[in-house]
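Data block below; observations after.
Keep in mind the model is a prediction, meaning the values are calculated, not measured. Reckoned from all heavy atoms, side chains included, excluding hydrogens, waters and symmetry mates.
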Protein chains: 2
Amino acid sequence: MKVAAKRETKKEQRTRANTQAPEVKERESVEHIFREFLKKKGYRATPERDIVLREIYSAAGHFDADELFIKLKQKNHNISRATVYNTLDLLVECNLVSQNSFGHKHLHYERVYGYDHHDHIVCNQCGEVFEFSNPKIEEQQDAVCKSMGFDIRQHTLQIFADCVKTDCDYKKRQAEQSQTKSQR
Amino acid sequence: MKVAAKRETKKEQRTRANTQAPEVKERESVEHIFREFLKKKGYRATPERDIVLREIYSAAGHFDADELFIKLKQKNHNISRATVYNTLDLLVECNLVSQNSFGHKHLHYERVYGYDHHDHIVCNQCGEVFEFSNPKIEEQQDAVCKSMGFDIRQHTLQIFADCVKTDCDYKKRQAEQSQTKSQR
DNA sequence: TTACTTGCAAATTATTTGCAATAAT
DNA sequence: ATTATTGCAAATAATTTGCAAGTAA
């Protein structure tokens with residue numbers, strides 16, 4: 001059901017964006033980093049790009065492009081999927097957002113700034129994603145890159161593992177799947 | 001996507017050394033592992049599945065589903081894309097093939113058995129994928145999983161980095177991009 | 001025989017692209 | 001004023017699915 005509400009003009013968007021509660025210093029830093037990046041690259045600063053960045057940094061956790069698009073839509077931001085994808089690319093390029101593949105259909109994104117870097121363990125049974133961080137692994141990566149003549153920019157490490165804990169969704173999953181067993 | 005280089009660099013030699021041709025004995029083992037897996041799971045052994053497995057283990061390096069499909073077609077095997085995808089899933093499930101996302105359109109696969117585990121560095125400039133291995137990283141991963149109650153099955157680590165060597169394909173790439181895309 | 005697996009083609013999903021309108025510089 | 005960026009819809013790319021026929025167990 002499409003709502004035929006009058007469309008918010010760019011100017012209104014900009015005004016609204018500027019009057020948002022100045023929650024955290026972090027946000028300002030993030031926006032500043034993005035602005036500088038855009039300027040350096042000769043890209044333009046647009047209200048859409050600001051809004052996307054702000055939305056990403058307003059919540060924690062992983063998300064995919066479409067989830068972000070829908071969240072924006074629900075907040076009455078008329079920002080197209082194309083712009084969401086475009087902006088995500090830019091944010092990945094300037095390292096404010098990281099891109100992960102958890103082995104499934106689409107890419108997942110995650111904000112980077114203000115958080116310690118972490119890696120992921122994906123449960124083979126229930127698919128849930130857990131985080132961990134390990135400085136020694138990071139150290140080794142730096143060492144490897146140095147020795148091979150690379151200047152490391154980013155990395156993603158995913159571990160696929162069987163969860164041996166009792167609170168894993170595994171059994172629930174099994175119950176569901178046994179009804180529709182197929183060739184897989 | 002990998003670009004054909006004119007002259008093999010030291011780095012490429014090292015990479016190549018990691019991906020030598022398999023022994024015949026190994027191939028038998030691989031087939032045996034697959035058979036056992038199928039039996040255990042109640043899946044059927046079919047000639048198509050054997051052929052796909054054999055094709056994967058007959059060559060080195062990364063490949064994607066469509067490349068594999070085309071290779072099979074060229075050898076006059078009438079195996080559908082659906083079967084290729086299906087079989088790849090099975091091979092990943094039984095750990096004979098690993099699945100990697102290098103951050104782009106599709107997934108890449110790689111045979112696992114008979115090779116030391118390695119991780120990947122993707123050059124931000126030319127997109128070429130290099131391999132490395134580091135036992136300390138593996139150790140740390142095991143430790144992390146143990147402490148978090150996971151039984152590790154597989155992992156993928158990708159480092160995205162800028163190549164600082166002079167023999168990076170970056171410039172060649174730039175030059176080639178003005179022409180038409182070719183080979184694969 | 002039973003029902004899993006196949007090839008084919010159509011469907012689906014995620015992402016990209018063409019284009020005219022709009023807005024940043 | 002110039003041209004990057006936008007929203008929209010159509011297009012594409014990768015993968016999955018439905019179905020009838022084939023075949024492993």
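- Taking Glu138(B) as the reference, nothing meets the salt bridge (Lys or Arg N to Asp or Glu O under 4.0 Å) condition, with sequence neighbours excluded.
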Counting primed atoms plus P, OP1 and OP2 as sugar-phosphate and everything else as base, spell out the protein contacts along nucleotides 8-20 of chain C at 4.0 Å heavy-atom distance: B, S or - for each nucleotide, 5' to 3'. B-----SBBB---
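- Atom pair Arg49(A):CZ and dT5(D):C1' shows a separation of 6 Å (rounding to whole Å applied).
- Nearest heavy-atom pair, Glu67(B) versus His62(B), reported as atom, atom and distance to 0.1 Å: OE1-O, 4.2 Å.
- Under a cutoff of 6.0 Å and an axis angle of 45°, Arg81(B) and Phe69(B) form a cation-pi pair.
- Atom CG of Leu53(B) is separated from atom P of dT5(C) by 16 Å (rounded to the nearest Å).
- The CZ atom of Arg49(A) sits 11.5 Å away from atom CD1 of Ile79(A), with the distance rounded to the nearest 0.5 Å.
- What separates CD of Glu48(A) from C1' of dG7(D) is a distance of 9 Å, to the nearest Å.
- Two residues are said to be in side-chain contact when any heavy atoms from C-beta on lie closer than 4.5 Å; Tyr85(B) and Thr87(B) fail this criterion.
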What's touching nucleotides 21-23 of chain D from the protein side, N or O pairs under 3.5 Å?
none

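- Counting only residues at least two apart or on different chains, no salt bridge (Lys or Arg N to Asp or Glu O under 4.0 Å) pair has a member in residues 140-149 of chain B.
- Atom NZ in Lys39(A) sits roughly 17 Å away from atom C1' in dA4(D) (whole-Å rounding).
- To the nearest angstrom, P of dT16(D) lies 10 Å from CG of Asn86(B).
- Here the NE2-CZ distance, from His155(B) to Phe160(A), works out to 10.5 Å after rounding to the nearest 0.5 Å.
- A salt bridge links Lys75(B) to Glu55(B): at least one charged side-chain nitrogen sits closer than 4.0 Å to a carboxylate oxygen.
- Taking the ring centroids of Tyr113(A) and Tyr57(A), they lie at or beyond the 6.0 Å cut-off.
- Residues satisfying the salt bridge (Lys or Arg N to Asp or Glu O under 4.0 Å) test with Lys41(A), not counting sequence neighbours, are Glu93(A).
- Annotation: the terminal axes of the helix from dT1(C)-dA25(D) to dT25(C)-dA1(D) meet at 40°, where each axis is the rotation carrying the C1' atoms of four end pairs onto the next four (5 pairs per end, rounded to 10°).
- In this pair, His120(A) and His118(A) present their aromatic rings perpendicular. The plane angle is above 60°, beyond the 30 to 60° band.
- Atom NZ in Lys41(A) sits about 16 Å away from atom C1' in dA4(D), given to the nearest Å.
- Put simply, CD1 on Ile51(B) is 12 Å from P on dA24(D), counting in whole angstrom units.
- Close to dT6(C), at under 4.0 Å from its OP1 or OP2, lies a side-chain N or O of Thr46(B).
- Atom-to-atom, CZ of Arg35(B) to P of dA24(D) comes out at 11 Å; the value is rounded to the nearest Å.
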